[in-house]
Amino acid sequence: MAEIKISGGRRLRGEITVSGAKNAVLPELAALAGMNGTGVIYNCPDITDIKTSVDIIRYLGGKAELSKGTLYADLNGINSYEIPSEPGCKMRSSITFCGGLLGRFGETVFSKPGGCILGERPIDLHLYGFKALGAETEETEGLIRVKGRLKGTKINLRYPSVGATQNIIIAACYAKGQTVIENPSLEPETLDLIKFLNTCGAGIKVKNSCIYIEGERTLKSKPYCTMPDRIEAGTYLFGAAMTGGKISLRGISPTELGIVWDILRKTGCELKYGRDYISLKSIERLKAIDEIVVKPYPGFPTDLQPQLTAMLSIAKGKSIIKETVFEGRNRHISQLLKFGADIEENKGFIITGTKKLKGADVTAFDLRGGAALCMTALAAEGESRIKNADYIFRGYKNFGEKISDLGGEISIINN
Ligand code: UD1
């Protein structure tokens, strides 16, 4: 596992370009498994999770190559409906391959995903959706088989799961008749997947917070450019805010940031934007925010919760964050305390802002928590070491380079 060394206390300054959104590219690559033809996806970040998806496409019999931010795929050779447990198990989102494989072959098999660092990660909503579409599911010795001819129907999700919505959308493109998903995920990444599928021949509409999918479509991959990564953008904006910095991000607009934009404004940061850039100027001391509830879109995104917690740990006053998406997303808290943060866990994170944090030796337990620790280290005085840094490279393209471009003092030690 790599380790990151950061010498903190420098203001982040400068301009960087935001990469393509990991969480949009992943379901788009998974959807390719149901398609024919040759595919090209632009703005595809060169990060570990995307490479895992490329490996899965290859395992299924397709050809795929990621080169300089573009994914080239030839899908005509796909001849297996079995999602391999290796590399599939490395990444929970490999379950999103089910929708396309089920559509293409009428059958798919995959290993039951285990829990993860964020807590129990059930897949009942994925299976509920497939069953509602007419498939049968069977579990033997940790393998789940989903099989059947799909028929469009109305599906009401008890919770707007991102992955389940995406899986159902993809599968429903191949079902007979129309499918309506009520209470779906309306995350920008889900909407980007819909745009991609429609480009490839699907008939999907979003109306009155429901998703309508016309079935029996033959999907043929077409060139597509994925949306920018709002989570990556938010991470660097919070980092700049914490260090009293001034940065510009190219390739993203405020509409893509949603509530994150409002939160940064509330802390007192000055924000400006143009058609495809955002710039942020921080103030001497950030202001606390009374209460933020982390919830599905358009609520505050759980993937920015650790970074937000880190930022508010140096804001003036008391802030409360309530995480409702992944209740187990709290392992960064014990590490933030090592920098001198004052955070109490009691039905939420109660954060009393500290003026200055001190460098510390900490451990990343997951991707976003790891990024939050790095932003904290950049703002803290002195030197910090962040262990288990490989988590961070799963989701951030050129992490070290981008922080260096912004003037941060960072080095990556590969053990
Ligand atoms: C996706 C994102 C992840 C983000 C999350 C929430 C990708 C690749 N990953 O993950 O970065 O943190 O959305 O925005 O896009 N749940 C169930 N049953 C299910 C599925 C989910 O109860 O069948 C629950 C989960 O336990 C969790 C909540 O729903 O509490 C959210 O999970 P979900 O929206 O499915 O997240 P993912 O799609 O796994």
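Indexing begins at 1, ligand by ligand and atom by atom, following the structure's order.
Every N/O-N/O distance between A164 and ligand 1 stays at or above 3.5 Å. Considering backbone and side-chain N/O atoms, Y159 never comes within less than 3.5 Å of an N/O atom of ligand 1. Considering both main-chain and side-chain atoms, L26 never comes within under 3.5 Å of ligand 1 through any nitrogen or oxygen pair. Taking any N or O of V162, backbone or side chain, at least one lies under 3.5 Å from an N or O belonging to ligand 1. Some N or O of R158 is nearer than 3.5 Å to an N or O of ligand 1, by distance alone. Among the atoms of E187, none of the N or O lies under 3.5 angstrom from an N or O of ligand 1. Polar contact check, P122 against ligand 1: a nitrogen or oxygen pair lies under 3.5 Å apart. Not a single N or O atom of S93, backbone or side chain, sits closer than 3.5 Å to an N or O atom of ligand 1.
Residue contacts with ligand 1 for H126 involve both N, CA, C or O and side-chain atoms from C-beta outward (heavy atoms, distance under 4.0 Å).
Using a cut-off of 4.0 Å between Lys/Arg side-chain N and Asp/Glu carboxylate O, D405 and K402 are scored as not salt-bridged. Classification of K397 and D46 as a salt-bridged pair fails, no side-chain N sitting under 4.0 Å from a carboxylate O. Classification of D303 and K22 as a salt-bridged pair fails, no side-chain N sitting under 4.0 Å from a carboxylate O.
Across the listed options S53, G163, S161, P296, S161 owns the non-hydrogen atom lying nearest to atom 21 (C) of ligand 1. Selection from V25, T302, T165 by nearest heavy atom to atom 14 (O) of ligand 1 gives T302.
A distance of 13.0 Å separates NE2 of H332 from CZ of R368, quoted to the nearest 0.5 Å.
Of the N and O atoms on the side chains of S185 and E187, at least one donor lies less than 3.5 Å from an acceptor on the other residue. Side-chain contact check for S253 and E256: at least one donor-acceptor pair (N or O, by modelled atom type) lies under 3.5 Å.
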